[in-house]
Chemist: 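The structure that follows is given in the form of structure tokens.
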Amino acid sequence: MKKFILIGVTALAALGIMSGCSSSNKKEASSPLTFWYMGDGDQGVKPIIDKFTKETGVAVKIQSIPWSASRDKLLTAVAAKNGPDVAQIGTSFMSEFVDAGALTDISDDVKKTDVLKPTNFFDGSVATTKFDNKYYAVPWYTETRALYYRTDLLNSVGYPQAPKTWEELADAAKKLANRGDNMYGINIDGAEPTFGFMFARQNGSTLFDKQNKPLFNQPEMVNALKYLEDIVKSGASPKTNLGLDISQSFGGKGIVPMFISGPWMISGINENATDIKGKWAVAELPKGPVNGESVTGGANLAVFSSSKKKADSMKLIEYLSKKENQTAFFKSTNSLPTNKAAWQSETFTKDPIISVFGKQLEHSQPMPLLKKWDETTQLYMKQWEQVISKGKDIKKAMTELDDDTIKLNK
């Protein structure tokens, strides 16, 4: 090609080059929209995507990526500046990828259609899409934590309903633990990275100040952790993972008759603990001294900054955001809708378990949207393990966590 340029280009050659460019542009224009879907297989979303293509004529190529590999896959795409058109982004990843310039500012697009109005979605989910007053994603599905409990066993120790306060929760847990050897009341989950932070917020902690300085060693968080430590020290919670499946821990005799977790546990209980059908329920979290706030998680839909198909990308995001499509997605994946209107359908209102999560979502917020938040939670769990297994002073542990977090974010 360089040789032709140097010696001059004939009209015929010029026509050939123009024809080649036209063919290339046509090929690019007709190529399918690429959608990176995080999960094991696309069976849950493919029928909805197929319907979208049928209605709009926009073809979509779904690439399913396991959650365990999702962050590395996204980081590689950022470095190569060659990502998908639409990507599913875990809420805890948002800050990192917005900061890297990987996601498109879609603020104007959000304002153009009623479907994408932020008020349509739970506040906690919207909070994960907005940075510096700009929107970089639309909430897709969400999750939160609530209290699972054995109704029969709670009733046997004087609680015909779920505990509603911290005081009642600790009291019920200790009474349940008194049933005999190797019996407990609740699981204070040391392997759940948000657990202690969630209780700290219920005690009034903001976790960070306005300059993003950690406040872990302040009374609000320290006292919340002392509350949890007391439950463990009393024997009402296991100190370590018991290594039991749900049929052994929650089913049967109810070795651990209360635990805090998300909606993903429902199917496991229904399938593996059939002996307790009708003997368990889910309730909103007991309220602490300040609130009963839970944790919002889930995933959002974003347009990658390298995409050249923003208009079609937004069409897909808008389609997946509609209440009927989020309801359909729930039915195939058990992923809770972020669209509040979806919760008005009988799919949710007539299910006493799922509807609780809808109520809890009204009182849930995401963990801090910081680039190094996941690393911070790992540091927290190491400190908590030393508190429980070695009796480390909580104030000292949290002061060290403050220092380590500051170093981490320098």
Side-chain angles (χ1 to χ4, degrees), residues 70-72 74-75 78-79 89-103 123-134 136-137 145 188-230 232 260 288-291 293-298 300 364-410:
S70 62
R71 184 169 178 266
D72 288 343
L74 289 165
L75 287 172
V78 173
I89 309 288
T91 55
S92 63
F93 295 166
M94 285 295 300
S95 178
E96 180 177 14
F97 288 99
V98 169
D99 186 72
L103 309 183
D123 290 343
S125 296
V126 173
T128 69
T129 69
K130 190 176 183 181
F131 298 83
D132 295 327
N133 291 317
K134 296 178 181 178
Y136 290 89
R145 278 75 164 161
I188 304 300
D189 193 351
E192 165 51 60
T194 66
F195 205 97
F197 298 109
M198 178 174 65
F199 274 81
R201 281 178 164 177
Q202 292 175 5
N203 198 37
S205 175
T206 59
L207 303 183
F208 291 84
D209 66 16
K210 292 181 180 179
Q211 286 71 46
N212 285 334
K213 178 183 177 182
L215 302 172
F216 306 143
N217 73 344
Q218 296 303 299
E220 292 84 359
M221 182 156 180
V222 170
N223 292 336
L225 296 183
K226 285 181 178 179
Y227 166 80
L228 297 176
E229 181 190 33
D230 177 68
V232 177
I260 294 171
V290 176
N291 59 55
E293 192 171 279
S294 188
V295 180
T296 297
N300 302 324
S364 296
Q365 289 295 324
M367 285 287 105
L369 300 172
L370 302 174
K371 287 190 294 181
K372 299 288 186 179
W373 177 246
D374 285 346
E375 291 88 340
T376 300
T377 63
Q378 297 304 310
L379 293 172
Y380 160 76
M381 288 193 292
K382 289 179 181 178
Q383 292 288 355
W384 177 250
E385 193 277 331
Q386 291 182 44
V387 168
I388 296 303
S389 65
K390 299 180 180 179
K392 187 173 184 177
D393 178 73
I394 290 178
K395 175 77 172 180
K396 180 180 179 181
M398 292 302 101
T399 298
E400 290 179 6
L401 180 59
D402 275 353
D403 293 340
D404 290 341
T405 301
I406 291 172
K407 292 175 184 177
L408 182 67
N409 288 279
K410 279 186 176 179

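Quick caveat, the model's predicted, so the values are computed rather than measured.
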Chemist: Run Tyr136 and Ile89 through side-chain contact (heavy atoms from CB on, under 4.5 Å) and show every step you take.
Modeler: CA-CA 11 Å; Tyr136 290 89; Ile89 309 288; over 6 Å; no

Chemist: I need the minimum non-hydrogen distance between Thr129 and Ala137, along with the two atoms involved.
Modeler: CB-O, 3.3 Å

Chemist: Could you work out, with ring pair (Phe, Tyr, Trp, His ring centres under 6.0 Å) as the rule, every residue matching Phe197, not counting sequence neighbours?
Modeler: Phe216, Trp373, Tyr380

Chemist: Taking only residues two or more places apart in sequence or in another chain, which ones pass side-chain contact (heavy atoms from CB on, under 4.5 Å) with Asn291?
Modeler: Gln202, Glu293

Chemist: Can you sort out the partners of Ser294 under side-chain hydrogen bond (donor to acceptor under 3.5 Å, both in side chains), two or more places apart, ordered by chain and number?
Modeler: Thr144

Chemist: Distance from Lys226 atom NZ to Asn203 atom CG, nearest 0.5 Å?
Modeler: 11.5 Å

Chemist: Got a second to check how far Thr376's OG1 is from Ile406's CD1, nearest 0.5 Å?
Modeler: 11.0 Å

Chemist: To the closest 0.5 Å, what do you measure between CD (Gln218) and OG1 (Thr206)?
Modeler: 9.0 Å

Chemist: Provide the full list of salt bridge (charged side-chain N to carboxylate O under 4.0 Å, His left out) pairs with a residue in residues 392-405, sequence neighbours left out, each pair given once.
Modeler: Lys392-Glu400

Chemist: Which side-chain N or O atoms in residues 365-372 pair as donor and acceptor under 3.5 Å with protein atoms at least two apart or in another chain?
Modeler:
residue	atom	partner	partner atom	Å
Lys371	NZ	Asp99	OD2	3.2

Chemist: What residues, two or more places apart in sequence or in another chain, satisfy ring pair (Phe, Tyr, Trp, His ring centres under 6.0 Å) together with Tyr227?
Modeler: Trp166

Chemist: Quick one, Ser70 and Phe93 - any side-chain contact, counting heavy atoms below 4.5 Å?
Modeler: yes

Chemist: Locate the shortest heavy-atom distance separating Ala397 from Val387; write the atom from each residue and the value.
Modeler: CB-CG2, 3.9 Å

Chemist: Hey, what do you get for CD1 (Ile394) to CG (Leu401), rounding to the nearest 0.5 Å?
Modeler: 12.5 Å

Chemist: Atom CG of Asp230 and atom CG of Leu225: how far apart are they, to the nearest 0.5 Å?
Modeler: 12.5 Å

Chemist: Using side-chain heavy atoms (C-beta onward) and a distance below 4.5 Å, is Ser364 in contact with Val295?
Modeler: no

Chemist: Taking the side chain as every heavy atom from C-beta outward, state whether Leu75 and Phe97 have any atom pair closer than 4.5 Å.
Modeler: yes

Chemist: Any side-chain heavy atom of Met221 sitting closer than 4.5 Å to one from Phe199?
Modeler: no

Chemist: Test side-chain contact (heavy atoms from CB on, under 4.5 Å) on Glu96 and Arg71; report intermediate values, then the result.
Modeler: CA-CA 10 Å; Glu96 180 177 14; Arg71 184 169 178 266; 2.8 Å; yes

Chemist: Kindly indicate, with the supporting measurements, whether the criterion side-chain contact (heavy atoms from CB on, under 4.5 Å) is fulfilled by Thr91 and Thr296.
Modeler: CA-CA 9 Å; Thr91 55; Thr296 297; 5.9 Å; no

Chemist: Starting from the C-alpha separation in whole Å, work towards a yes-or-no answer on side-chain contact (heavy atoms from CB on, under 4.5 Å) for Trp384 and Leu379.
Modeler: CA-CA 9 Å; Trp384 177 250; Leu379 293 172; over 6 Å; no

Chemist: With Glu375, which residues qualify under side-chain hydrogen bond (donor to acceptor under 3.5 Å, both in side chains), at least two apart?
Modeler: none

Chemist: For Asp209, enumerate each residue passing the side-chain contact (heavy atoms from CB on, under 4.5 Å) test, keeping only those at least two apart in sequence or located in another chain.
Modeler: Gln211, Lys213, Leu215

Chemist: Can you name the residues that form a side-chain hydrogen bond (donor to acceptor under 3.5 Å, both in side chains) with Glu192, not counting sequence neighbours?
Modeler: Arg145, Thr194

Chemist: For the pair Ser389 (side chain) and Glu385 (backbone), establish whether a donor and an acceptor sit closer than 3.5 Å, ignoring hydrogens and angles.
Modeler: yes

Chemist: Checking Thr128 now: which residues fulfil side-chain hydrogen bond (donor to acceptor under 3.5 Å, both in side chains) with it, not counting sequence neighbours?
Modeler: Asn300

Chemist: If I take atom CZ from residue Arg201 and atom CE from residue Met198, how far apart are they, to the nearest 0.5 angstrom?
Modeler: 10.5 Å

